[in-house]
Number of protein chains: 2
Amino acid sequence: MRIGELAGKAKTRASTLRYYEERGLLQPPERTPAGYRNYGDEAVQRLEFIDRARAAGLTLAQTAEILEVRDAGGSPCGHVRDLLDRRLVEIDEQLEHLRLLRTSVAELRANAAQTSPEACTPESICRYL
Amino acid sequence: MRIGELAGKAKTRASTLRYYEERGLLQPPERTPAGYRNYGDEAVQRLEFIDRARAAGLTLAQTAEILEVRDAGGSPCGHVRDLLDRRLVEIDEQLEHLRLLRTSVAELRANAAQTSPEACTPESICRYL
DNA sequence: CTTGACCTTCAAGCATACTTTAAGGTCCAT
DNA sequence: ATGGACCTTAAAGTATGCTTGAAGGTCAAG
């Protein structure tokens, strides 16, 4: 399978696949005599895995780590559990931060609805913020 | 007031202030005969405003827009209201996205707790994801 | 008069995940 | 044999918000 076909199956682009190879997420495939990358069917699964990892918010570097462990014949399960745990903590922190932000922006907006435009004095710049 | 002093009052750095000037958030101040930037006290308020805008999640470009309207003598209130409204929509979208992500990562993690490491077969790479 | 703190500009670097561009080779159909 | 689709590499561009580096000028204290 050439790179364009694989990209089509994975709903991404050839340039992305070359980038993944550079980042260590895809192993360098065989080449045809002309130098074209020639992928086997298993590359599709690998890309699906990468996509699931991305959907879980793992970085490419983290995903590459997992795949390296696998490629070395190891079992990355414990590592993956750790990454998922850390992701959960991060997500909870982001949620908390966003909730607080939502509250304060909503307050700002509520003020803006009440305040007359004249409140924008030169020294306060804008009372809304 | 020289740039370092202003930076100290605004709890930021001289390099940041120069950057803000370049981005149009700070107006170019007077210079001393030696070429040093010389700020007046009102610059402190302006930086506080910029900080509040940043805390509300507005981009530097949006904040610069607001300040440009003010500097031109206009009242940016309507514009600020619009920006706050859009921010609220964005924040709600981000919250929803994060909640869904949290659910799916938590499911993944729950699976990982139950599954034995042997489930990491070569073709599936890792059952946890 | 020298040392050190502080200032100047312009350019480049950082982090992430790609995309785009340039210049060129390959392959299949007509 | 020629056109077009597809492939190759290396390098640079994108977005955001700064920081860092290089090379040099200013100023007050000792």
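Computed over heavy atoms, backbone and side chain alike; hydrogens, waters and symmetry mates excluded. Below, chains carry the letters A, B, ... as their sequence lines are ordered, and counting in each starts from 1.
- Atom CE of Met1(B) and atom P of dC6(C) are 16 Å apart (whole Å).
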N/O to N/O distances under 3.5 Å, protein versus nucleotides 12-14 of chain C:
none

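- In plain terms, the two heavy atoms of Gly57(A) and Gln62(A) that are nearest each other are O-OE1, 4.5 Å.
- In summary, Glu96(B) and Arg99(B) engage in a salt bridge, as defined by a charged side-chain N under 4.0 Å from a carboxylate O.
- Rounded to 10 degrees, the angle between the two end axes of the helix from dC1(C)-dG30(D) to dT30(C)-dA1(D) is 30°, with five pairs used at each end.
- Follow the hydrophobic side-chain contacts under 4.5 Å out from Tyr36(A) and you never reach Val44(A); the two are in separate clusters.
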> Where do Arg31(B) and Arg37(B) land on the side-chain contact (heavy atoms from CB on, under 4.5 Å) test, with the steps shown first?
Replying inline: CA-CA 5 Å; Arg31(B) 299 290 182 126; Arg37(B) 286 175 180 80; 3.4 Å; yes
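- Using a 4.5 Å heavy-atom cutoff, the side chains of Leu26(A) and Leu47(A) are in contact.
- At a threshold of 4.0 Å, the pair Arg87(B)-Glu90(B) counts as salt-bridged, since one of the basic side-chain nitrogens sits closer than that to a carboxylate oxygen.
- Minimum interatomic distance between Pro29(B) and Asn38(B) (heavy atoms only, all atoms of both residues): CB-O, 3.7 Å.
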Going 5' to 3' through nucleotides 8-21 of chain D and flagging B where a protein heavy-atom sits under 4.0 Å of the base, S where only the sugar-phosphate is that close, and - otherwise, we get BB-------BBBB-
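- In this structure, Ala56(A) and Leu108(B) approach most closely via the heavy-atom pair CB-CD2, 4.2 Å.
- Thr63(A) is not listed as a side-chain neighbour of Arg54(A), based on a closest heavy-atom distance of 4.5 Å or more.
- With rounding to whole Å, Leu6(B) atom CG is found 15 Å from dC6(C) atom P.
- Closest heavy-atom contact between Ala64(B) and Arg23(B): CB-O, 3.9 Å.
- To the nearest angstrom, C1' of dC18(C) lies 12 Å from CG of Leu17(A).
- One interatomic measurement links the two molecules: CD of Glu22(A) to P of dT16(C), which rounds to 14 Å at whole-angstrom precision.
- Between Glu90(A) atom CD and dT16(C) atom C1' the separation is 14 Å, expressed in whole Å.
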